[in-house]
Protein chains: 2
Amino acid sequence: MGIGAEERLILEDYLRERGQKMTRPRETVLEAFLKLERHVTAEELFAAAQRLDPSIGQATVFRTIKLLADAGLAREACPDEGARRYEHSYKHEHHDHLVCLGCGAIVEFKDPAIERAQDAIYVKYGYRPSNHRLELEGYCPVCAKKKVGV
Amino acid sequence: MGIGAEERLILEDYLRERGQKMTRPRETVLEAFLKLERHVTAEELFAAAQRLDPSIGQATVFRTIKLLADAGLAREACPDEGARRYEHSYKHEHHDHLVCLGCGAIVEFKDPAIERAQDAIYVKYGYRPSNHRLELEGYCPVCAKKKVGV
DNA sequence: AAGAGTATGATAATCATTATCAATACGATT
DNA sequence: AATCGTATTGATAATGATTATCATACTCTT
Ligand SMILES: [Mn+2]
Ligand SMILES: [Mn+2]
Ligand SMILES: [Zn+2]
Ligand SMILES: [Zn+2]
């Protein structure tokens with residue numbers, strides 16, 4: 001069983017349910033995405049997909065990453081001032097991000113106390129929860145040293 | 001003492017320190033901003049400023065709202081899928097946002113437990129804190145009712 | 001193999017924001 | 001109050017990410 005077989009099936013099911021088709025370009029984008037274990041922009045994904053198939057178009061990458069997100073295989077995370085970024089969603093639990101403003105290093109974390117407190121906020125105001133985004137910005141130990149006193 | 005006198009002085013000091021000048025357009029944008037007690041886009045601010053002075057240019061609004069942010073009078077908050085939004089910062093403490101995906105209603109809240117837990121994360125990973133962004137999305141009581149079962 | 005309908009890639013269009021630049025306004029100094 | 005060196009302005013073009021268009025190509029079921 002090849003890499004990404006499970007994800008491929010998920011995408012196929014998702015497409016079939018909606019009368020859409022599994023195509024070669026979509027396979028290519030999925031494969032490129034699964035190989036990139038990072039928070040990736042559409043442009044980076046486009047470059048990776050082109051390495052697998054130079055004939056692939058940019059528009060297709062934008063369209064497909066959205067499909068992957070709808071299908072539950074990808075999820076938006078860590079927008080990069082201007083560009084969206086996506087990360088794996090399938091078998092990758094929700095988490096928050098601590099990002100270094102100096103070098104871009106990203107720590108992924110999940111704090112039960114924070115998650116619980118957020119749920120309490122929803123309850124307090126009678127809102128039905130959908131999703132949340134928590135991003136902590138700062139300077140990693142290395143970059144903090146470089147900017148002493150700033 | 002007119003409305004916004006304090007803020008005006010803050011802006012003047014900020015500009016003087018950097019060899020920049022207090023100008024009529026900047027006054028106009030500040031006045032328009034202070035009157036808008038909401039999370040506002042540059043475009044909305046532009047419209048409001050034009051009502052005060054039809055000759056004002058859009059570029060000036062973009063430039064000035066950034067100045068206000070640097071000067072500590074404004075702060076980015078609640079980006080509106082595509083466009084930045086700004087809110088008052090002077091004498092308006094940090095807070096997080098709970099936003100309704102149905103009608104756009106925004107609840108501002110501050111949870112000491114969450115803030116504390118966030119600080120702990122910074123400590124745990126040795127990061128120097130800069131700022132953080134927490135946004136809870138969901139459906140307000142009214143909109144939740146309209147979408148029962150969705 | 002054929003047909004109906006979806007997907008593709010190239011390209012143009014959007015939208016928010018920024019850069020450019022000649023003309024103008026500030027404000028310190030005289 | 002007039003002068004002068006700079007900073008600022010508004011109009012406009014440019015940018016960058018994303019989306020829309022559309023003629024052609026592909027999928028998948030029959
Ligand atoms: Mn992540
Ligand atoms: Mn707010
Ligand atoms: Zn760093
Ligand atoms: Zn609502």
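Just the heavy atoms: all of them, side chains too, but no hydrogens, waters or symmetry mates, feed the values below. What you see is a predicted model, and the numbers here were worked out from it, not measured in a lab.
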Whole-Å gap separating [atom2] ([N]) and [atom1] ([X]):
{"X": "A:Arg18", "N": "D:dC28", "atom1": "CZ", "atom2": "P", "answer": "16 Å"}
{"X": "B:Ile65", "N": "D:dT9", "atom1": "CD1", "atom2": "P", "answer": "14 Å"}
{"X": "A:Glu27", "N": "C:dT6", "atom1": "CD", "atom2": "P", "answer": "20 Å"}
{"X": "A:Glu44", "N": "D:dG16", "atom1": "CD", "atom2": "P", "answer": "16 Å"}
{"X": "A:Leu67", "N": "C:dA7", "atom1": "CG", "atom2": "P", "answer": "8 Å"}
{"X": "B:Ile56", "N": "D:dA11", "atom1": "CD1", "atom2": "C1'", "answer": "14 Å"}
{"X": "A:Asp80", "N": "D:dT18", "atom1": "CG", "atom2": "C1'", "answer": "15 Å"}
{"X": "A:Glu12", "N": "C:dT6", "atom1": "CD", "atom2": "P", "answer": "18 Å"}

Quiz item: Partners of B:His39 by ring-ring contact (aromatic ring centres under 6.0 Å, His included), sequence neighbours excluded?
Solution: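 Expected list: B:His97.
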Quiz item: Which residues pass the side-chain hydrogen bond (donor to acceptor under 3.5 Å, both in side chains) test with A:Arg84, sequence neighbours left out?
Solution: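 For A:Arg84, the residues satisfying side-chain hydrogen bond (donor to acceptor under 3.5 Å, both in side chains) (neighbours in sequence not counted) are B:Glu81.
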Kindly list each side-chain donor-acceptor pair under 3.5 angstrom involving residues 68-76 of chain A, sequence neighbours excluded, with atom names and distances?
{"from": "A:Arg75", "atom 1": "NH1", "to": "A:Glu87", "atom 2": "OE2", "distance (Å)": "2.7"}
{"from": "A:Arg75", "atom 1": "NH2", "to": "A:His92", "atom 2": "O", "distance (Å)": "2.5"}

Which pairs would a plain distance check flag for residues 45-58 of chain B, meaning a side-chain donor or acceptor within less than 3.5 Å of a matching protein atom at least two apart in sequence or in another chain?
{"from": "B:Asp53", "atom 1": "OD1", "to": "B:Ser55", "atom 2": "N", "distance (Å)": "2.9"}
{"from": "B:Asp53", "atom 1": "OD1", "to": "B:Ser55", "atom 2": "OG", "distance (Å)": "2.7"}
{"from": "B:Asp53", "atom 1": "OD2", "to": "B:Ser55", "atom 2": "OG", "distance (Å)": "3.3"}

Quiz item: Shortest non-hydrogen contact from A:Pro25 to A:Thr60?
Solution: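 It is CB-CG2, 3.9 Å.
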Exercise. Kindly give the heavy-atom pair with the smallest separation between A:Asn131 and B:Glu137, and that separation in Å.
Key: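 Nearest pair, atom of A:Asn131 first, then B:Glu137: OD1-OE1, 2.6 Å.
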Quiz item: Between the axis at one end of the helix from C:dA1-D:dT30 to C:dT30-D:dA1 and the axis at the other (five pairs apiece), what's the angle to 10 degrees?
Solution: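 About 30° separates the two local helix axes.
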Practice problem: Considering only NZ, NE, NH1 and NH2 on the basic side and carboxylate oxygens on the acidic side, decide whether A:Lys91 and A:Glu6 come within less than 4.0 Å. | Solution: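 Salt bridge flag = yes for A:Glu6 with A:Lys91.
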Quiz prompt | Pair B:Arg8 + B:Glu31: basic N to acidic O under 4.0 Å | solution =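 So B:Arg8 does not pair with B:Glu31 through a salt bridge.
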Quiz item: By a strict heavy-atom criterion of less than 4.0 Å, which residues belonging to residues 70-79 of chain B are in contact with DNA chain C?
Solution: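 Contacts with DNA chain C under 4.0 Å: none.
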Practice problem: Look at atom CZ of B:Arg24 and say whether more than 12 heavy atoms of other residues, nucleotides or ligands are closer to it than 6.0 Å. | Solution: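 No, CZ of B:Arg24 has 12 or fewer neighbouring heavy atoms, counting only those of other groups under 6.0 Å.
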Quiz prompt | A:Arg63 side chain near D:dT19 phosphate (N/O to OP1/OP2, under 4.0 Å) | solution =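 For D:dT19, OP1/OP2 do not have a side-chain N/O of A:Arg63 under 4.0 Å.
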Exercise. Sorted by first residue and then second, give each ring-ring contact (aromatic ring centres under 6.0 Å, His included) pair with at least one member in residues 110-129 of chain B; sequence neighbours left out.
Key: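 Non-adjacent pairs meeting ring-ring contact (aromatic ring centres under 6.0 Å, His included): zero.
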Listed partners of [X] passing side-chain contact (heavy atoms from CB on, under 4.5 Å), at least two apart:
{"X": "B:Lys110", "result": "B:Glu93, B:His94, B:Glu115"}
{"X": "A:Arg26", "result": "A:Leu15, A:Gln20, A:Met22, A:Thr23, A:Thr64, A:Leu67"}
{"X": "A:Ala113", "result": "A:Asp111, A:Arg116"}

Self-check item: Contact state string [nucleotides 22-30 of chain C, B base, S sugar-phosphate only, - no protein heavy atom under 4.0 Å]
Solution: ----BS---
Quiz item: Do the non-hydrogen side-chain atoms of A:Gln118 and B:Ile114 ever get within less than 4.5 Å of each other?
Solution: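 Answer yes - side chains close enough.
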Scan nucleotides 12-17 of chain C against the protein and return all N/O pairs shorter than 3.5 Å with their distances rounded to 0.1 Å.
{"from": "C:dT17", "atom 1": "OP1", "to": "B:Arg84", "atom 2": "N", "distance (Å)": "2.8"}

